[in-house]
*Asks:* 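Quick one: the structure is below, and I'll ask about it shortly.
The figures that follow rest on heavy atoms only: side chains count, while hydrogens, waters and symmetry mates do not. Numbers restart at 1 for each chain; the letters A, B, ... are given by sequence-line order, proteins then strands.
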2 protein chains.
Amino acid sequence: MAATLADVAARAGVSSATVSRVLNGNYPVAEATRRRVTEALRELNYVVNGPARALAAATSEVLGVLVNDVSDPFFGVLASGIQREAAEADLLTMICHTAGSADDELRYMELLLRQRARAIVVTGGGPEDDGHRRRTADLVRQSVSRGTRVVFCGREAPPDSEAASVVFDNDGGAAALTRLLLAAGHRRIAYLTGPPHHTTSSARVAGARQALTEAGIDPDSCLWIRSGFSRAAGLEAGRELVRAGVDCTAVVAGNDLTASGVIASFRACGVRVPEDVSVAGFDDLPVAVDVVPELTTVRLPLRSGAVTAGRIATGARRTAPGAVVRMPAELRSRDSVAAPGGGLTGMAGRLRAH
Amino acid sequence: MAATLADVAARAGVSSATVSRVLNGNYPVAEATRRRVTEALRELNYVVNGPARALAAATSEVLGVLVNDVSDPFFGVLASGIQREAAEADLLTMICHTAGSADDELRYMELLLRQRARAIVVTGGGPEDDGHRRRTADLVRQSVSRGTRVVFCGREAPPDSEAASVVFDNDGGAAALTRLLLAAGHRRIAYLTGPPHHTTSSARVAGARQALTEAGIDPDSCLWIRSGFSRAAGLEAGRELVRAGVDCTAVVAGNDLTASGVIASFRACGVRVPEDVSVAGFDDLPVAVDVVPELTTVRLPLRSGAVTAGRIATGARRTAPGAVVRMPAELRSRDSVAAPGGGLTGMAGRLRAH
DNA sequence: TTGTATGCGTTATCAA
DNA sequence: TTGATAACGCATACAA
């Protein structure tokens, strides 16, 4: 049923090699021949057999992108930036949702490697686990040796792997944000740290702790609360903070999505931001300025980071093996952070009243 | 560099056929042989060549999902439901982001077809364009004839194509929502219709108009405003409605995301929901209950629709060619709709004051 | 400018 | 239980 190159060749009265040339346009073909072939192609509804082509040419036209969460705008921005560059190089982007699972991440990397994807871009942070890093490094090595380029965007490539990485200054951004809070007079700060054992979480925590230490404040005098990176996590954490009447004047969420959840639950509990409590986010996604009050946060150049990663992946930009491109973070001071207010102590009543 | 079946076979001192059998476990292999082969496999870091396997076996282990927008939770829910079923069938899901472009939709369908994907699930609404429908139908026919199953989830398959579809009752849901508003006493309603020439938009508009007509109200006495399906579209539309001082007591957004944008911009302008104006959404995504006030909306069983589509795609559920599975819509009456208030007229002053 | 012939790495059929 | 060997559909080096 499905027409092959040979079928088309027979119909056009040429050899299959000629049909292949017409298809790929990489060798001269007489105009008349080309027309006959094109005609036959159309009549038979010919569709290239990707696997056969990939097998013969030892490459494919697919660029794979691994994301933690397809419905998180953080990854939406990254994915679309990468996709744009892929399209420039005539590659089609396939996105794989790992749900933050280390195993799924490896499974999809291996799948893309099997498929002889032209390149793989692994986005976002990853598990802080040496076993996982080692297995990732193995896959990267195999990918490279098979001609599949691998680029990390949002974390560093595992040690000794030849993959390039584009990383964001989570560390420095978090430090700057904490310094801003300290300068505003905050001393009792609750940090929602993001998922545990995750490179992004850790970098942000490390930056914050360093800024605290430099200011002569014991980091352990602050609250460090595990939490996801989702909006739901922020909603829950916000409710919990109020219920527990936690003694703090500022909440630093792991990212903007979480911060928006915190703000929503604070509003529902009658906690005013920033009058009672200041709230800060991270990433500077569009939601940061949708929220009321607008969010003080740290801007990461996700878009340009994604484009850079995409360009490395497509080969439009050459880098040394193992190169690391560092993208800066920039403080965005808006309305959600002000001088310390009354804090959350004694707010639990409002929660119940609501 | 890259080890092939033959390399492994040589190392293990067996034929490549035997290695293949060990790999696939579909034929008996002596235990001792199996161990030697497994060993060699590991030593050589063997990775299956997907294209070669797909070529020989005439099938792959990939299930493709087409979505309009990767960072829209609507598609996040659909994609994750489908992925779940795919995983059950040992297929890996690749998501393709079409950005709502009809051309990209066709390009990705064709890519997946070329790759001999096991199945393709096309999610969400699509362009209301006969040319596009016809070209889609062509691709569907070719897919089916090549063994790639195609399922539509969120719109009907094009006429005469053998693809199954899972559709949501946008029409009935929109009618029910409008009846609710009418029963609450609203007569001057502003509808944000969603993107034009889009099956989902049209179905929702049609349902609303029908309910209005049945209630003896001329649909054209209401406002029908084009708008996207994004949150940003809602923000903008909300601001515009206030600025123009539009004479309405209720706003029906195209979906929940847009509704959340409308509510945010109303809040920024000092418009109270539902005291001044009622707002309704559609879909009942998680955001519907995050928002203050909680959103009156129409619940679509996205999750189970996605699972159904996934099951059809993997073959776990058999359907007649061209079968259409209809999923009901259900009204969710919450706090964002109340009796008519003062409306937006004269609110523009507040906007400027802000 | 075109055709012939070979190889890409698997799976699967047929013998042994 | 295992080994030869023929597809699978295409790209490309080599000839013409």
*Asks:* Just wondering, more than 12 heavy atoms not from B:Arg36 lying within 6.0 Å of its CZ?
*Replies:* yes
*Asks:* Quick check: are there more than 12 heavy atoms from other residues, nucleotides or ligands sitting under 6.0 Å from CZ of A:Arg84?
*Replies:* no
*Asks:* Using atom CZ of B:Arg114 as one end and atom P of D:dC10 as the other, report the distance to the nearest whole Å.
*Replies:*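 Value for this atom pair: 11 Å.
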*Asks:* Run the salt-bridge test on B:Glu61 and B:Arg118 with the 4.0 Å N-O cut-off and return the result as yes or no.
*Replies:*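 Looking at B:Arg118 together with B:Glu61, the answer is no, because their closest N to O distance does not fall below 4.0 Å.
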*Asks:* Is A:Leu5 touching bases, backbone alone, or none of the nucleic acid, heavy atoms closer than 4.0 Å?
*Replies:* sugar-phosphate
*Asks:* When you compare the side chain of B:Val307 with that of B:Arg311, does any pair of heavy atoms fall below 4.5 Å?
*Replies:*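 A side-chain contact exists here, since the closest heavy-atom pair is under 4.5 Å.
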*Asks:* For A:Arg303 and A:Ser80, which I'm curious about, is there any donor-acceptor pair between the side chains at under 3.5 Å?
*Replies:* yes
*Asks:* Can you give me the N/O atom pairs linking the protein to nucleotides 2-4 of chain D at distances under 3.5 Å, or say none if there are none?
*Replies:*
from: D:dT2; atom 1: OP1; to: B:Thr33; atom 2: OG1; distance (Å): 2.2
from: D:dT2; atom 1: OP2; to: B:Ala30; atom 2: N; distance (Å): 2.7
from: D:dG3; atom 1: OP2; to: B:Ser15; atom 2: N; distance (Å): 3.0
from: D:dG3; atom 1: OP2; to: B:Ser15; atom 2: OG; distance (Å): 3.2
from: D:dG3; atom 1: OP2; to: B:Thr18; atom 2: OG1; distance (Å): 2.5
from: D:dG3; atom 1: N7; to: B:Arg21; atom 2: NH2; distance (Å): 2.6
from: D:dG3; atom 1: O6; to: B:Arg21; atom 2: NH1; distance (Å): 3.4

*Asks:* Between which nucleotides of DNA chain C, 5' to 3', does chain A make heavy-atom contacts below 4.0 Å?
*Replies:*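 That gives a stretch of C:dT1 to C:dG9.
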*Asks:* Rounded off to whole Å, could you give me the CG-to-C1' distance for the A:Asn26 and D:dC10 pair?
*Replies:* 12 Å
*Asks:* Please determine if A:Glu39 and A:Arg35 form a salt bridge, counting it only when a charged side-chain N lies under 4.0 Å from a carboxylate O.
*Replies:* no
*Asks:* Using a strict 4.0 Å threshold on nitrogen-to-oxygen distance, state whether B:Glu105 and B:Arg155 make a salt bridge.
*Replies:*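 Yes.
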*Asks:* Check whether any side-chain heavy atom of A:Val122 sits under 4.5 Å from a side-chain heavy atom of A:Ile120, and report yes or no.
*Replies:*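 A side-chain contact exists here, since the closest heavy-atom pair is under 4.5 Å.
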*Asks:* Determine whether B:Arg317 and B:Val325 make a side-chain contact, defined as any pair of heavy atoms from C-beta on separated by less than 4.5 Å.
*Replies:* yes
*Asks:* Give the rounded distance in Å between these two atoms: CG of B:Leu55 and C1' of D:dA11.
*Replies:* 13 Å
*Asks:* Taking B:Arg135 first and then B:Asp103, would you say they form a salt bridge - that is, a charged N and a carboxylate O separated by under 4.0 Å?
*Replies:*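 Yes.
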*Asks:* Between D:dC10 atom P and B:Gln115 atom CD, what is the distance in whole Å?
*Replies:* 13 Å
*Asks:* Please step through salt bridge (Lys or Arg N to Asp or Glu O under 4.0 Å) for the pair B:Arg141 and B:Glu162, ending with a clear verdict.
*Replies:* CA-CA 7 Å; B:Arg141 259 190 297 279; B:Glu162 307 227 309; over 6 Å; no
*Asks:* Angle between the end axes of the helix from C:dT1-D:dA16 to C:dA16-D:dT1, five pairs per end, to the nearest 10 degrees?
*Replies:*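 The angle separating the two end axes equals 30°.
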*Asks:* Nearest whole Å is fine: how far is D:dT1 C1' from B:Arg36 CZ?
*Replies:*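 Taking atom C1' of D:dT1 as the reference, CZ of B:Arg36 is at 12 Å.
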